[in-house]
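These notes are about the structure you will find just below.
All of these numbers come straight from a predicted model, not from anything done at the bench.
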Amino acid sequence: MNRTSFVSRRRMLAGSLAAFVSLGMSSFLAGRPAQAHEAKCPYCKLDVVQDTPTMDNEVALRYGRKRIEYRCVYCALAEAKSAFKGDLSILAPSEIKGKPVVITRKNGNWSAPSGTVFVGEKANHRHCQTTYRAFTSKAAFQAHVQKNKALLKNAKPLTLAQIVEIAK
């Protein structure tokens with residue numbers, strides 16, 4: 001047997017095996033629905049609550065080129081205060097699907113859009129996506145409190161300064 005036919009057979013076998021594996025894997029993966037990414041909150045270590053078709057829940061902190069997801073506004077603010085120095089922004093889910101409230105810290109000063117209010121009611125952290133949220137108006141805050149009376153019976157609208165103070 002000459003050496004070139006041995007090399008050619010080896011290449012043909014390797015190429016056939018690669019094609020078989022890639023076709024098999026692509027047909028295997030094509031039949032599966034896309035999975036939502038699931039992660040643990042870096043602050044409280046509970047699962048990050050995924051967005052639903054009608055409501056956003058994921059909170060994201062942007063620091064430079066990093067984007068870190070948190071379970072709630074409290075977790076993101078608390079970690080921003082303790083673990084990150086410098087400018088950053090937090091995308092807090094609001095009552096409007098797909099339109100988060102952007103909270104920023106520039107030169108040590110926190111800011112949010114005019115009219116923004118927060119709910120910051122202490123409850124079991126399993127419910128923090130409900131008890132720590134941002135809203136674009138007091139009317140949206142009231143609607144959220146009315147919808148979640150059991151958890152938020154004593155809730156009052158908070159300013160950005162108040163929610164930052166709460167998140168220690």
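- Look at Asp87 and Arg105 and you find no salt bridge, because none of the NZ, NE, NH1 or NH2 atoms lies under 4.0 Å from a carboxylate O.
- Between the Lys81 side chain and the Val164 main chain, a donor and an acceptor come within less than 3.5 Å of each other.
- Not one N or O on the side chain of Lys66 forms a donor-acceptor pair closer than 3.5 Å with the backbone of Leu61.
- Using a distance-only test at 3.5 Å, with no hydrogens or angles considered, a donor-acceptor pair links the side chain of Arg71 to the main chain of Asp47.
- By the 4.5 Å heavy-atom criterion applied to side chains, Thr54 and Lys97 are not counted as neighbours.
- By the 4.5 Å heavy-atom criterion applied to side chains, Tyr132 and Lys122 are counted as neighbours.
- Cluster membership for Phe84 and Tyr74, using ILVMFWY side-chain heavy atoms within less than 4.5 angstrom, is shared.
- Judged purely by atom type and a 3.5 angstrom limit, Glu58 has no side-chain atom pairing as donor or acceptor with the backbone of Val48.
- The backbone N or O of Asn109 lies less than 3.5 Å from no partner atom in the side chain of Asn107, so there is not a single donor-acceptor pair.
- With hydrogens and angles ignored, the 3.5 Å screen pairs no side-chain donor or acceptor of His144 with any backbone N or O of Ala134.
- Leu91 and Met55 are not part of a single hydrophobic cluster, where members link through side-chain heavy atoms under 4.5 Å apart.
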Run the side-chain contact (heavy atoms from CB on, under 4.5 Å) test on Leu152 and Thr131 for me, step by step, so that the C-alpha distance in whole Å, both residues' side-chain angles and the decisive distance to 0.1 Å come before the verdict.
CA-CA 7 Å; Leu152 303 172; Thr131 59; 3.9 Å; yes
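- Counting all heavy atoms, side chain and backbone alike, Ile90 lies closest to Ala80 at CD1-CB, 4.3 Å.
- The shortest side-chain heavy-atom distance between Val101 and Arg133 does not fall under the 4.5 Å cut-off.
- Using a distance-only test at 3.5 Å, with no hydrogens or angles considered, a donor-acceptor pair links the side chain of Asp51 to the main chain of Asn57.
- The only member of Tyr63, Tyr43, Tyr70 that meets side chain to side chain donor-acceptor pair (under 3.5 Å) when paired with Glu79 is Tyr70.
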